[in-house]
Amino acid sequence: MRYLPLTEADRAAMLAKIGVSSIDDLFADVPRAAWRTDPVDLPKAKSEMEVERLLARLAGRNVAAASVPFFVGAGAYRHHVPASVDHLIQRSEFLTSYTPYQPEVSQGTLQVLFEFQTQVAELTGMEVANASMYDGSTATGEAVLMAHRLTRREKAVVAGNLHPHYRAVVENLAEMAGHEVEVLPPVPVGAEDILGRIDDTVSCVVVQSPDVFGNLVDMAPIAEKAHAHGALLIAVFTEVVSLGLIEPPGAMGADIVVGEGQGIGNGLNFGGPYVGLFATRQKFVRQMPGRLCGQTVDAEGRRGFVLTLSTREQHIRREKATSNICTNSGLCALAFTIHMTLLGARGLERLAEINHQNAVKLADMLGAVPGVDVLNTAFFNEFTIRIPGKAHEAIEALARKGVLGGVPASRLYPGEGLDNLILVAATEINTDDDRAAYVTALEEVVG
Amino acid sequence: MRYLPLTEADRAAMLAKIGVSSIDDLFADVPRAAWRTDPVDLPKAKSEMEVERLLARLAGRNVAAASVPFFVGAGAYRHHVPASVDHLIQRSEFLTSYTPYQPEVSQGTLQVLFEFQTQVAELTGMEVANASMYDGSTATGEAVLMAHRLTRREKAVVAGNLHPHYRAVVENLAEMAGHEVEVLPPVPVGAEDILGRIDDTVSCVVVQSPDVFGNLVDMAPIAEKAHAHGALLIAVFTEVVSLGLIEPPGAMGADIVVGEGQGIGNGLNFGGPYVGLFATRQKFVRQMPGRLCGQTVDAEGRRGFVLTLSTREQHIRREKATSNICTNSGLCALAFTIHMTLLGARGLERLAEINHQNAVKLADMLGAVPGVDVLNTAFFNEFTIRIPGKAHEAIEALARKGVLGGVPASRLYPGEGLDNLILVAATEINTDDDRAAYVTALEEVVG
Amino acid sequence: IEEPLIFETGRLDVTGVDLYAQEETPARLGGLRRRTAPHLPGLTEPEAVRHYVRLSQKNYAIDTGLYPLGSCTMKHNPRLNEKMARLPGFGDIHPLQPVSTVQGALELIHLVAEGLKVLTGMPAVAMSPKAGAHGELCGMMAIKAALRARGDARSVVLVPESAHGTNPATAALLGYRVESIPARADGTVDPEAVKAKLAPDVAAIMLTNPNTCGLFERDIIEIAEAVHAAGAFFYCDGANFNAILGRVRPGDLGVDAMHINLHKTFSTPHGGGGPGAGPVVLSEALAAFAPLPWVVSGPEGFDLVENADKAGGAHPFGRMTAFHGQMGMFVRAAAWMLSHGADGMRQAAEDAVLAANYIRASLSDLMSLPFGDRPCMHEVLFDDEFLDGTGVTTLDFAKAMIDEGYHPMTMYFPLVVHGAMLIEPTESESKASLDLFIATLRDLAMAARRGETDRFAGAPRFAPRRRLDETRAARQPVLRWSAPAPVGPEPARDAAE
Amino acid sequence: IEEPLIFETGRLDVTGVDLYAQEETPARLGGLRRRTAPHLPGLTEPEAVRHYVRLSQKNYAIDTGLYPLGSCTMKHNPRLNEKMARLPGFGDIHPLQPVSTVQGALELIHLVAEGLKVLTGMPAVAMSPKAGAHGELCGMMAIKAALRARGDARSVVLVPESAHGTNPATAALLGYRVESIPARADGTVDPEAVKAKLAPDVAAIMLTNPNTCGLFERDIIEIAEAVHAAGAFFYCDGANFNAILGRVRPGDLGVDAMHINLHKTFSTPHGGGGPGAGPVVLSEALAAFAPLPWVVSGPEGFDLVENADKAGGAHPFGRMTAFHGQMGMFVRAAAWMLSHGADGMRQAAEDAVLAANYIRASLSDLMSLPFGDRPCMHEVLFDDEFLDGTGVTTLDFAKAMIDEGYHPMTMYFPLVVHGAMLIEPTESESKASLDLFIATLRDLAMAARRGETDRFAGAPRFAPRRRLDETRAARQPVLRWSAPAPVGPEPARDAAE
């Protein structure tokens, strides 16, 4: 077997050294009731060529985003990732290394994490960031728990336009941990009265911008009200590229900023792995979940990096840890860091600008289709349209015409009366031809 | 521009340090008649995304071998290359390093070359091999020149079934260098009288096995006759995988063995880059063309490797060099070495066996199509069929049916009366479905 | 040469990403345009490639040497798996595309799910958890949901002392009180100790099997039966599944829930800390409470159940994460499963156990085994008794390994052993590699015994860094780069920001 | 840790490639089945990956640092280009597929060919040569064919002393007698010296421009005119095309043939010695003699001319190689050309020249310039005069650079200068990188001046190897591994073979 270096002769020699007569002797502690003599009921080993053929066939049954006009967002965004990013993250020394618990032989990963933390802090306008979470949704859940710890309150208020999957994660976590969470109903157009829900029992307010319908939210008034009541503002984003163009949550008073970093450096991957970003104020750092990389010096006084403040973490503090997270999204964070480094502030701003421009163009074109309305006034690269028929049927019809036109709001909000809405995302990958194809197809579908 | 690190500020500072006022001052030696002020008439810089889109569009206009039942050979063979090979050759330290003229910081490349030379020598049954040539055809040309130097004769006899491209390279080189070359006519079936052409004026006999029609050739009698007349036998192969199953030229008396190494480790690449293999006897090594890596010790007595015997080479000997070759096929040789190392003798033999078996199966199936004859009795993984109509039309018709069925002999031998012959190759990549599809399509085409 | 931070060499006016020019239309940002640019310097591609290549060279990796971390299963990561995960049909599809356009992706998830069920002998699996700890959380949530469904508000979770830190952290996160079970003298859990703790308020026990001492819990079935008899559930930490893959099915041991680290047993690469994937297999008793979403196979193809109203008779407890789990890891795990097959996976487990025992047998005369010289599973646990009186600590010993070209083993874990050294070689090492590793450890053990303390106290010497001051890092945390403060009359670098 | 050879660790019964089982039919090998297996040990994938990763770590590369090799143009290799070359539509197509199935591939070759023609101002290009030296051979063959076509049997080729070794070797290969032209005191070719040699038997002159002293041949047009007036041809070595890309077209200088190293100017990676690609642009006078095959564009798409009978009015001299050239390199070069565009390519040349002059200006006070402190092109030539009396040689100086983290520059070439050091930074280095390199060379030059000979004579110290015994390698050549001879009573390793 191509991955197993021991030969039969090796095995025999090793058993002899151990002093047992067969491998079975080493499994002597296994209860007989659970002792299996035969392989499990799965196919036998396959050659690389056969595995490749089988998996390529499965992959061939999916419509890859690059192969069609593509406008799907709602929490995951298709951006162009430079080829060098994937090349670099495949370096053996990054790809096949473990968590950098031994800093002397892990300075590569550690310096990357230090760069990552700095980049995330800069992007979000916050003071510090951790070394990544699983994704935006779990980061949001952790942020709520952190707010509870910081405020010693156990009630979160969640904006109705938080991505429903994020909302579900927060609700589940809160409910399972015995906390309270008040979720407002979704508001595709217009404002919700979140200010009215903030009182002295509230630990935090969770607000997303751009929200799930694409609307930009000014969080400054919410931060002000929250702080007046001793509550924290948790700002959420699902499209990190937006931070290149819109005011960062840190500048609007957010106390914890969490979000999905996939849009920089990482592909769609059918939903994972992604990379959760988590930033906060310096003074809150000891209640932060997740790994942190810090700067220090070695025995010769040279600068070096280590994982630090691990007294927050489960492997040291066990049941007193700030979170149970262990494995995070290291390699996705590396991809993020490299792409972000290539972009720089200038490239990021330009990228964000093009995204916005493409969204504005597309919104105008789709809004001109008879019967179709664009709901948003202010948005970044995603917006919501209302069509005459059922959105999920229209999306299926568009797919048959070779256009992946967005996400029906009803898929995210089943049974909430949002059956005519489509969330539409535009990025730098869309061409004039893509937009024209969408308009043509949509005209046919709603016409 | 993403590949140019200098900023305008950098450029200004550098010009100041140099003490000139503009970049033009540095081009002062350029005659005014050739001085260009504007960029050339080519498009302006494009983003990575645009370049990728443009080239992907061109790539999409070609029928990739993996996408169809594929039976094309005639000098280039599609084998399954393990994914680890391409991963490893893309390691920065291999991909972006220069020729290992500075051995202290090139031991990686040098040790690989030493392993490569040993593998090639073992495979061909020869004593020594060089560090690669451009491809099999140019290696054959160099072999003939080397034979001339060794024998101080200037006439080569070339078997009719040498791949016509190889023949053309030899003829061109000989003719341009003022040497003589006698080429026999092609003989798809049966034997040619090459023994009768060998006399005391001949420097070498060039024989390919498996030959271009797929026939296996016993070279021992030719070697014997050649040696009796003071001539050398140059053995050529175009399918290196054949050496896993058939008797190596070294065991049949060849003096120089050359061939194409693409089949191990390297893709089809529309004809290049490939890797020429070149092996010979130890006593001839000082007349060998190309780079050689040798073992030595460093100042502390540790084993190390260096490029050696460079007094044969152009950068030292200039017009007295054994060849003008400089850049060779280093990275392709690396791919060969890694794949060969993964295979080992056992894997190579198994690979060759499957190739042969698949060819036998296919030959029997195609031979059973009414009107179709298989010409070969002994072959490795390629054979020749005779069909009722014009081969080149049949191949086009098969292509329209989605089968790449081989190479019309007339494409290689135009105007030589071989219009009904198709060279058909089978390898381990072919499945039962592939073979059935070929038979069905061929029945329709010739039916 | 030292490698600077990007913030020290990058420039704010440089970008390594060219984008196309186009006609601009008026922005529609509602007044929320960013007012100040972030301090994010850019590097051109040549600079960025060199920077990250050079950083990478400061890392140890499984591709560069044996990685003997116990409980972490650092095995070879096949390159085919990386290639497959990058097929556009897997890597370039969106989680919210119409299901009609992702049938192959759903089939892939189904394939992995079915494989895990067969390998564990469990009837259900939740695929969405994103790592082992997330899987633990998922499994414990399912237990909590099942208890609730029968109106049973239990408040205690039993955890052995030798457990991974994630176990008590997970239980605590869900509001459970953690009670510790001491280890038996032989390193395993005493069923009587468990029974003694099994009060009516015990919700579950969290056991690792094989345990973190590298031993198979030989009384596990008795424990499981006692737990079930007490109305509690048996959560199994699956971190060490590699030892028994294809030989023992957790379902046959009475396990109710177990997470599987695809990044350990199924060889998806660790990537310097992640991503992983932690699917959780569930027993009959818990299956109905599995979280959303899941894949179902029907006559018209595959479908995704994303909402409770499509859940049929099930009572999903909620959602662990956005979308459907770590697809990229599923593809790699599928490739690994298919490549090994039923026979190869069993062989892998056997070779892993064989390798650990070979190391044990080859070092037992020089290093000390806390639980005696008896067979272990895929990892072997030493303690620091053999270093008594040498002045060398477990930490010193481990750091000295770096100078010999090896990554240290897991140290000071499990906590039940003094100065623990936990070594897991995995099945991917050749005998020659194991022999060299053994020879190195023997050499170090003898050096310690001979009193060559210099070789240990100062180690590592031949690494990119000497020992780092972790105390300083924690006491004066510097968690991000900041522009240095202006010094003297000259304007500081980037002070304009 | 030392890395053994595969022949020392691999085993003959191991393979890292699994293949499928199938029913076997009787072989049809005509009695030529191999009688003895080759001695080719196999490694499993984990072993092979680790072996080659560890070997790679012993290499210097452009991705790990500045590579100042003069005349070799080691510039950044964009990763996009690697990705594009691996598209199945380019990497997985056969050279003898029907042309109807490779229209995009032919268009790609056409695109590169047209680009090269525009950049050089030449009317034709032969794409098939596989490297620079192969291109030289092609160009000189075209010259020979053109002379033959007019019945002109000339026998001499003029080559300046400063030429690359490939130039005289190529001429000699074609049976020409090589006559050397001495360099002028300023490092350039004297047109009068050329004219003096221009006898009726001179077939061609082979000039490098910019030349290997890093200087633009300022009298090149005068030389070209004299050569043409004498009925000879002007072959230009295009190795240094990077200096003038987009600024000067060789066609405007009177060049008849020039090879272009796609692996230099157009950034296809060197790969530790190859592969390269050496297309040759040809003047009107030579175009008709270009070798087979070539791509033509017609109303029905692209076609390949593979045989003389389809060559129209042309008289191809023959074939340089099997198939159509280095497609893999063409794709990379196309990506580079498209990425840079006309503006970017010109900027690249200017930045390359700027960088070389910056190094010159920054070192001219400490190191010696053989032709005075005047502008150079993309490479700057120093000699060893500044080392006079220090006891440090050019070789020592270069090897000492290794200890500072740099690859040495080109040494002892060109031959016209004593102890030459030829430095080419290329356009891919940032100013910070250049400044660090300059500071390092300044430090070394001052150390030499201060007489710190130890730092040089023993260098390198911090490389995988100290200086290697090249004399021993050449005197007792060991060019392959062989099983060690049996020693004593034990059977030797692998002796069974």
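In the text below, chain A, chain B and the rest are named by the order of the sequence lines, each starting its count at 1.
- Every pair passing salt bridge (charged side-chain N to carboxylate O under 4.0 Å, His left out) that includes a residue from residues 9-18 of chain B is listed here, sequence neighbours excluded: B:Glu8-B:Arg11, B:Asp10-C:Arg11, B:Arg11-D:Asp351.
- With sequence neighbours excluded, no residue satisfies ring-ring contact (aromatic ring centres under 6.0 Å, His included) with B:Tyr77.
- A pairwise comparison of heavy atoms in C:Leu19 and B:Ser47 identifies CA-CB, 4.1 Å as the closest pair.
- Interatomic distance, OG1 of B:Thr7 versus CG of C:Leu12, reported as 12.0 Å (0.5 Å rounding).
- Of all the heavy atoms in B:Arg2 and C:Val17, the pair that sits closest is CB-N, 4.3 Å.
- Within the 4.5 angstrom heavy-atom criterion, only side-chain atoms of C:Glu47, from C-beta onward, approach chain B.
- Here the OG atom belonging to B:Ser92 is positioned 8.0 Å from the CD atom belonging to C:Gln57, to the nearest 0.5 angstrom.
- Taking a 6.0 Å sphere around CD of B:Glu349, one finds it holds 12 or fewer heavy atoms contributed by other residues, nucleotides or ligands.
- When heavy atoms are compared at a cutoff of 4.5 Å, B:Leu4 approaches chain C solely by way of its backbone atoms N, CA, C and O.
- For the atom pair C:Tyr20 OH and B:Glu50 CD, the distance stands at 8.0 Å (nearest 0.5 Å).
- To the nearest 0.5 Å, the span separating NE2 on B:His87 from CG on C:Asn77 amounts to 9.5 Å.
- Heavy-atom distances place both the backbone and the side chain of B:Ser84 under 4.5 Å from chain C.
- Interface remark: of the candidates B:Ala9, B:Pro5, B:Ala83, B:Pro5 forms the most heavy-atom pairs closer than 4.5 Å to chain C.
- Side-chain contact between C:Asp18 and B:Glu48 is absent, with no heavy-atom pair separated by less than 4.5 Å.
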